[in-house]
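The block underneath contains the structure these notes are about, expressed in C-alpha cells.
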Amino acid sequence: MSARIRLRRIGKNPKKKPHFRITVFDSHRGRDSKFIEEIGFYNPINGTVKVDKARLDYWVSKGAQVPETIARLVKKQAV
C-alpha cells in the first residue's frame, strides 16, 4: 500500500471560511475515498496548524509521500 498525506477541505459553510484536516490516504483509491487516518488540522483564516508529529514520522517511515504544502505547514508549526 502506498500512502499519501494530503489536505482534506472540511470548511464549506459559511462560504469563504475554509479549514482543512491533514489526512493519510491510500494513493490507489479515488480522490473522495475514505481516508486511513487524520493526523492534524490547518485553519488558514487565523493560521492555526496542529500536526501529530509522531504519527507523521510513522507514516513517512512507512513510505508515505509528503507534498511540499504539508512540509511547509509542519515547518511553520515547529517555529
Side-chain angles (χ1 to χ4, degrees):
M1 172 178 67
S2 64
R4 181 167 291 161
I5 299 171
R6 299 191 313 215
L7 291 174
R8 181 171 58 103
R9 183 175 176 152
I10 58 171
K12 294 183 180 175
N13 284 331
K15 291 193 175 200
K16 302 199 184 200
K17 294 193 177 182
H19 50 284
F20 301 89
R21 300 283 171 142
I22 300 170
T23 54
V24 180
F25 285 89
D26 182 5
S27 65
H28 296 295
R29 300 181 106 194
R31 182 193 70 192
D32 295 330
S33 65
K34 187 171 174 150
F35 59 91
I36 299 170
E37 181 180 5
E38 278 185 7
I39 59 173
F41 68 88
Y42 168 54
N43 186 348
I45 303 293
N46 58 12
T48 306
V49 179
K50 187 168 185 179
V51 179
D52 185 356
K53 185 77 168 122
R55 294 306 293 169
L56 179 70
D57 292 339
Y58 168 78
W59 282 107
V60 169
S61 71
K62 293 293 183 183
Q65 298 174 350
V66 182
E68 191 176 310
T69 306
I70 303 294
R72 278 186 288 175
L73 290 174
V74 170
K75 189 183 229 184
K76 182 179 179 182
Q77 180 192 10
V79 171

Checklist entry - Which heavy-atom pair separates Glu37 from Trp59 by the least distance, and what is that distance? => result OE1-NE1, 2.7 Å
Checklist entry - Is there a donor-acceptor pair under 3.5 Å between the side chain of Thr48 and the backbone N or O of Asn43? => result no
Item to check | Same cluster (ILVMFWY, side-chain, under 4.5 Å), Val51 and Ile5 | outcome: yes
Checklist entry - Which heavy atom in Val49 sits nearest to a heavy atom in Tyr42, and how many Å separate them? => result CG2-CD1, 3.4 Å
Checklist outcome for this item: One should read off an interatomic distance between Ile36 CD1 and Lys62 NZ, to the nearest 0.5 angstrom, of 12.0 Å
Checklist entry - Looking only at heavy atoms, what is the nearest atom pair of Ala3 and Val24, with distance? => result CB-CG1, 3.9 Å
Checklist entry - What distance do Thr23 atom OG1 and Arg4 atom CZ have between them, rounded to the nearest 0.5 Å? => result 12.0 Å
Checklist entry - What is the distance from atom CD of Glu38 to atom CZ of Arg55, rounded to the nearest 0.5 Å? => result 13.0 Å
Item to check | CG-CG distance between Asp52 and Asp57, expressed to the nearest 0.5 angstrom | outcome: 9.0 Å
Checklist entry - Do Val60 and Val74 sit in the same hydrophobic cluster, where Ile, Leu, Val, Met, Phe, Trp and Tyr count as joined when their side-chain heavy atoms come under 4.5 Å apart? => result yes
Checklist outcome for this item: Output for pair (Arg21 CZ, Phe35 CZ), nearest 0.5 Å, gives 8.5 Å
Checklist entry - What's the shortest heavy-atom distance between Pro44 and Pro18, and which atoms? => result CD-O, 3.5 Å
Checklist entry - Do Phe41 and Ile39 belong to the same hydrophobic cluster, where Ile, Leu, Val, Met, Phe, Trp and Tyr are linked whenever their side-chain heavy atoms lie under 4.5 Å apart, directly or via other members? => result no
Item to check | Cluster link Ile70 to Tyr58, ILVMFWY, side chain under 4.5 Å | outcome: yes
Checklist entry - Should Leu7 and Val66 be counted in the same cluster of Ile, Leu, Val, Met, Phe, Trp and Tyr side chains packed under 4.5 Å apart? => result yes
Checklist entry - Shortest non-hydrogen contact from Pro67 to Gln65? => result CD-O, 3.6 Å
Item to check | Spacing of CZ belonging to Arg8 relative to CZ belonging to Arg6, to within rounding of 0.5 Å | outcome: 10.0 Å
